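Being a predicted model, the structure only gives us computed values, none of them experimental. Every heavy atom of this structure was used, including side-chain atoms; hydrogens, water molecules and symmetry mates were not. Throughout, protein chains are lettered first and strands after them, A, B, ... in sequence-line order, and every chain is numbered starting at 1.
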Amino acid sequence: MAQKPAIPKGTRDFLPTEVAKRNYMFATIKEVFRRYGYAPIETPSFELSTTLLGKYGEEGDRLIFRILNSGEKMKKADLDALAQDNLPRFANSLAEKALRYDLTVPFARFVVQHQNDLTFPFKRYQIQPVWRADRPQHGRYQEFTQCDVDVVGSDALMYEVELVQLFDEVLTNLGLPGFTIQINNRKVLSGIAEVCGETARIIDLTVALDKLDKIGEEGVVSELEQKGFTAQSIEKIKPLFQFEGTNAAKLDLMRTYLADSEIGLKGLDELSEVFAQINELGLQRGALIFDLTLARGLNYYTGAIFEVKANDVKMGSICGGGRYDDLTALFGLKGLSGVGVSFGADRIYDVMTELDLFPKALDRTLDILFVNFGSQEANYCMKLLREVRNLGLAAELYPSAAKLQKQLKYANDRNVGYVVMIGAEEAAAGMLSFKNMETGAQEQLSSADFLTKCGQLF
RNA sequence: GAGGUUGUAGCUCAGUUGGUUAGAGCGUCGGAUUGUGGUUCCGAAGGUCGCGGGUUCGAGACCCGUCUUCCUCCCCA
């Protein structure tokens with residue numbers, strides 16, 4: 001046998017039944033997006049490297065797939081940089097293009113580029129694949145699809161509230177029995193850093209804090225020590241470990257803790273407002289939780305930070321997002337606040353598969369199969385086939401006059417609903433045999449009755 | 001990027017301290033059964049043992065490299 005074919009690690013093929021399920025999921029998501037007033041856009045799969053690099057931090061840059069220059073452009077390789085062991089600069093000279101890493105940064109670029117054609121606040125959604133040169137793991141792929149909704153051009157907290165509702169509605173409609181929407185605010189994190197006297201190292205601080213539920217208090221302390229935080233500032237962080245209770249209780253606790261931090265209190269005001277409105281409006285199956293440890297790696301969030309996890313499933317976050325005030329400024333457009341969230345389609349798919357939430361009917365790609373008894377009978381079937389298709393049913397004629405046994409097995413394997421048999425006798429009598437493949441029941445019908453029945457059945 | 005783990009038929013996996021011609025189940029195809037599927041029975045096809053090198057009289061097994069799988073860390077959807 002020839003060399004076994006393969007696909008790159010972290011990528012997948014999708015079989016017809018899987019595509020059917022994915023389409024169902026996307027259709028459900030889109031329908032909700034539409035009702036909330038978001039319109040779809042698309043951007044290229046790859047961008048100029050300069051658009052993407054430096055937007056996701058050092059770690060992010062490492063995970064960006066670069067596209068090697070081709071032809072004469074290869075001569076642009078910066079050999080001096082290589083000689084100086086400056087690998088990042090060398091890599092940049094080799095690749096002027098890169099596959100998009102997420103949809104948010106390309107969207108910021110899009111907004112700046114088309115600012116004169118857009119009406120603000122601009123609400124868009126975007127469902128496209130993104131690529132990360134990450135090490136594949138459970139629920140982690142190198143190619144996966146994100147479903148982003150963002151609104152730019154308004155700093156109204158109404159949109160934070162709207163996005164929480166959106167999480168709740170989409171995931172409820174997809175049938176998830178329960179999920180937790182965690183919310184935090186970057187300003188609160190800044191306030192904590194301020195209180196600890198570590199404003200410069202807010203990233204290290206929040207990344208350590210983010211791991212609290214994973215590595216525990218001691219783990220966080222030792223990580224902070226390792227990062228060089230003083231015993232004094234670590235002591236000031238410790239009260240946060242006791243952060244428990246209802247959302248209201250947590251907010252009260254933090255008001256005391258952040259009493260001296262103006263920015264911290266501003267963040268709490270924002271959170272309180274969102275909680276107040278959501279309490280008023282109510283959620284379906286989601287629970288909104290104030291989670292102080294929620295930090296998220298992305299540097300560009302400035303206000304609310306969101307993350308969603310499915311209950312009772314071993315899977316990382318299935319959605320994430322937040323508010324960013326300066327993202328478009330990176331591309332030269334200042335003063336445009338945005339807030340957006342991303343649904344991790346592939347993880348949601350995995351969760352839905354694990355919980356068996358897809359409708360069974362999605363497995364059916366063919367409603368009716370016409371058995372082929374020979375060329376004359378087949379010709380007779382073709383007219384009926386056309387009429388059945390015009391009724392909107394998925395129908396086909398078996399391609400050859402194979403043994404009936406084989407044709408029925410094919411129908412069985414394809415999970416066909418009904419089989420129509422028209423042999424010489426039936427054709428002469430103007431009748432047909434109509435067989436239900438689930439029950440095995442079979443009846444003789446005239447063509448007219450058959451078509452009426454089809455209209456009723458589907 | 002760090003550490004561990006895996007790779008044998010289309011799929012899931014056996015294969016003893018290195019020793020004749022590498023096995024099973026499922027699936028596929030054919031038949032039992034020429035107009036009735038899922039069950040059953042019989043038979044067949046299908047393998048450079050991930051790839052490259054090395055040790056050995058002899059390697060699927062041992063050693064080195066490389067790719068791949070899955071996991072932990074990092075990070076993240």
**Q** Separation of A:Lys55 atom NZ from B:C76 atom P, in whole Å?
**A**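 These atoms are roughly 17 Å apart.
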**Q** Counting only side-chain heavy atoms from C-beta out, which of B:C74, B:G37, B:A77 sits nearest to A:Arg347?
**A**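 Out of B:C74, B:G37, B:A77, the nucleotide with an atom closest to A:Arg347's side chain is B:A77.
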**Q** Does the structure show A:Phe144 stacking with B:A77, if we require the centres to be closer than 5.5 Å and the planes to be within less than 30 degrees of parallel?
**A**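 A:Phe144 vs B:A77: stacking yes.
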**Q** Among side-chain atoms of A:Arg323 and A:Ser337, is any donor-acceptor pair under 3.5 angstrom?
**A**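 Judged by distance alone, the side chains do pair up.
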**Q** Is the base of B:U68 touched by the side chain of A:Lys9 through a donor-acceptor pair closer than 3.5 angstrom?
**A**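 In this structure, the two groups form no donor-acceptor pair.
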**Q** What's the gap between B:U55 and B:C13 when it is taken at their C1' atoms, as a whole Å value?
**A**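 These two C1' atoms come out 29 Å apart once rounded.
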**Q** Are A:Glu169 and A:Arg35 close enough for a salt bridge, meaning some N to O gap below 4.0 Å?
**A**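 Judged by the 4.0 Å cut-off on N to carboxylate O distance, A:Glu169 and A:Arg35 do form a salt bridge.
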**Q** Looking only at atom P, what distance separates B:G7 and B:U12, rounded to whole Å?
**A**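 That atom pair is separated by 12 Å.
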**Q** Would you say A:Lys409 reaches B:U36's phosphate, i.e. side-chain N/O to OP1/OP2 under 4.0 Å?
**A**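 No, because none of the side-chain N or O atoms of A:Lys409 sits under 4.0 Å from OP1 or OP2 of B:U36.
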**Q** Could you tell me how far B:G15 sits from B:A9 if I compare only their P atoms? Round to whole Å.
**A**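 Comparing P positions in B:A9 and B:G15 gives a spacing of 15 Å.
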**Q** Measure the distance from CG on A:Asn436 to C1' on B:U36 and round it to the nearest whole Å.
**A**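 Atom CG in A:Asn436 sits about 14 Å away from atom C1' in B:U36.
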**Q** Without decimals, in angstroms, what is the distance between A:Glu307 CD and B:C75 C1'?
**A**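 Going from CD in A:Glu307 over to C1' in B:C75 covers 12 Å.
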**Q** Just to verify, which of A:Tyr324, A:Tyr38, A:Tyr159 counts as forming a side-chain hydrogen bond (donor to acceptor under 3.5 Å, both in side chains) with A:Asp150?
**A**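 That would be A:Tyr324.
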**Q** If you find the nucleotide of RNA chain B closest to A:Lys406 and the one closest to A:Asn412, which residue's nucleotide is nearer the 5' end?
**A**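 The residue mapped nearer the 5' terminus is A:Lys406.
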**Q** Roughly, in whole Å, what's the span from NZ in A:Lys211 to C1' in B:C75?
**A**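 Roughly 9 Å, once rounded to whole Å.
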**Q** Report which part of the nucleic acid A:Gly57 touches: base, sugar-phosphate, or nothing (heavy-atom distance under 4.0 Å, all strands).
**A**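 No contact.
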**Q** Tell me the stems RNA chain B sits in, counting at least three consecutive Watson-Crick or G-U wobble pairs, each under 3.5 Å on both distances.
**A**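 Expected stems, ordered by start: B:1-4 with B:70-73, B:10-13 with B:23-26, B:28-32 with B:40-44, B:50-54 with B:62-66.
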**Q** Once you round it to whole Å, what is the distance between P of B:G37 and CG of A:Leu366?
**A**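 About 19 Å, once rounded to whole Å.
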**Q** Say we look at B:G50 and B:U69: how far apart would their P atoms be, to the nearest angstrom?
**A**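 Comparing P positions in B:G50 and B:U69 gives a spacing of 15 Å.
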**Q** Given the rule in the salt bridge (Lys or Arg N to Asp or Glu O under 4.0 Å) test, do A:Asp449 and A:Lys453 qualify, once you have shown the distances and angles that lead to the verdict?
**A** CA-CA 6 Å; A:Asp449 288 347; A:Lys453 191 136 193 163; over 6 Å; no
**Q** RNA chain B: A:Gly316 or A:Gly440, which has the more 5' nearest nucleotide?
**A**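 So the residue in question is A:Gly440.
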**Q** Rounded to the nearest Å, what distance is computed from the CD1 atom of residue A:Ile305 to the C1' atom of nucleotide B:A77?
**A**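 Whole-Å distance recorded here is 16 Å.
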**Q** What pair of heavy atoms forms the shortest contact from A:Leu355 to A:Pro177, and how long is it?
**A**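 So the two residues come closest at CD1-CD, 3.9 Å.
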**Q** Should the ring pair A:Phe434 and A:Tyr418 be called parallel, tilted or perpendicular, given that the plane angle runs from 0 to 90° and is split at 30 and 60?
**A**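 Aromatic pair A:Phe434/A:Tyr418 classed parallel.
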**Q** What are the two closest heavy atoms between A:Leu292 and A:Phe243, and how far apart are they?
**A**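 Between these two residues, the closest heavy atoms are CB-CE2, 3.4 Å.
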**Q** At less than 3.5 Å, do the side-chain atoms of A:Arg132 and the base atoms of B:A77 form a donor-acceptor pair?
**A**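 Yes.
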**Q** Pairing donors with acceptors under 3.5 angstrom, does anything connect the side chains of A:Thr145 and A:Gln128?
**A**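 Checked: A:Thr145/A:Gln128 side chains show no N/O donor-acceptor pair below 3.5 Å.
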**Q** Can you tell me if A:Thr302 and A:Asp325 form a side-chain donor-acceptor pair at under 3.5 Å?
**A**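 Yes, A:Asp325 and A:Thr302 have a side-chain donor paired with an acceptor closer than 3.5 Å.
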**Q** Under 4.0 Å between any heavy atoms, over every strand shown, what does A:Lys309 touch: base, sugar-phosphate, or nothing? Just pick one.
**A**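 Here A:Lys309 touches no strand at all.
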**Q** For A:Tyr141, which contact category applies under a 4.0 Å heavy-atom criterion: base, sugar-phosphate, or nothing?
**A**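 Base contact.
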**Q** Please report the distance separating the P of B:U56 from the corresponding atom of B:G43, rounded so that it comes out in whole Å.
**A**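 That atom pair is separated by 45 Å.
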**Q** Determine whether the side chains of A:Gln137 and A:Arg135 contain a donor N or O and an acceptor N or O closer than 3.5 Å.
**A**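 Side-chain D/A pair, A:Gln137 to A:Arg135: absent.
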**Q** Counting only N and O atoms by type, is there a donor-acceptor contact under 3.5 Å from the side chain of A:Arg347 to the main-chain atoms of A:Ser317?
**A**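 It does hold such a pair.
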**Q** Using the C1' atom in both, what is the distance from B:U16 to B:A77, to the nearest Å?
**A**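 The same atom, C1', in both gives a distance of 46 Å.
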**Q** Using the P atom on both, measure B:C11 against B:C49 and round to a whole Å.
**A**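 It comes out at 16 Å once rounded to the nearest Å.
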**Q** Would you list the protein and nucleotides 2-6 of chain B atom pairs, both N or O, that sit under 3.5 Å from each other?
**A**
none

**Q** Using 4.0 Å as the upper bound for N to carboxylate O, is an ion pair formed by A:Glu18 and A:Arg22?
**A**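 The answer is no: the pair does not qualify as a salt bridge.
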**Q** Return the value, rounded to whole Å, for the distance between atom CH2 of A:Trp131 and atom P of B:A77.
**A**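 Spelled out: CH2 on A:Trp131 to P on B:A77 is 16 Å.
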**Q** Looking at A:Tyr125, A:Phe33, A:Tyr349, which one forms a ring pair (Phe, Tyr, Trp, His ring centres under 6.0 Å) with A:Phe343?
**A**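 Between A:Phe343 and the candidates, ring pair (Phe, Tyr, Trp, His ring centres under 6.0 Å) is satisfied uniquely by A:Phe33.
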**Q** Identify which nucleotide among B:G1, B:G37, B:C75 has an atom closest to any side-chain atom of A:Lys214, counting heavy atoms from C-beta outward.
**A**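 In terms of side-chain proximity for A:Lys214, the closest of B:G1, B:G37, B:C75 is B:C75.
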**Q** Which atoms of nucleotides 32-35 of chain B (N or O only) lie under 3.5 Å from a protein N or O atom, and what are those distances?
**A**
from	atom 1	to	atom 2	distance (Å)
B:G35	O6	A:Glu426	OE1	3.2
B:G35	N1	A:Glu426	OE1	3.0
B:G35	N1	A:Glu426	OE2	3.2
B:G35	N2	A:Glu426	OE2	3.0

**Q** Between B:G65 and B:A2, how far is it from one P atom to the other, in whole Å?
**A**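 Pairwise P distance, B:G65 against B:A2, rounds to 14 Å.
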**Q** Apply salt bridge (Lys or Arg N to Asp or Glu O under 4.0 Å) to A:Glu438 and A:Lys360, showing your working.
**A** CA-CA 14 Å; A:Glu438 272 160 35; A:Lys360 259 231 135 77; over 6 Å; no
**Q** To the nearest angstrom, how far is A:Leu294 atom CG from B:A77 atom C1'?
**A**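 Computing the A:Leu294:CG to B:A77:C1' distance gives 14 Å.
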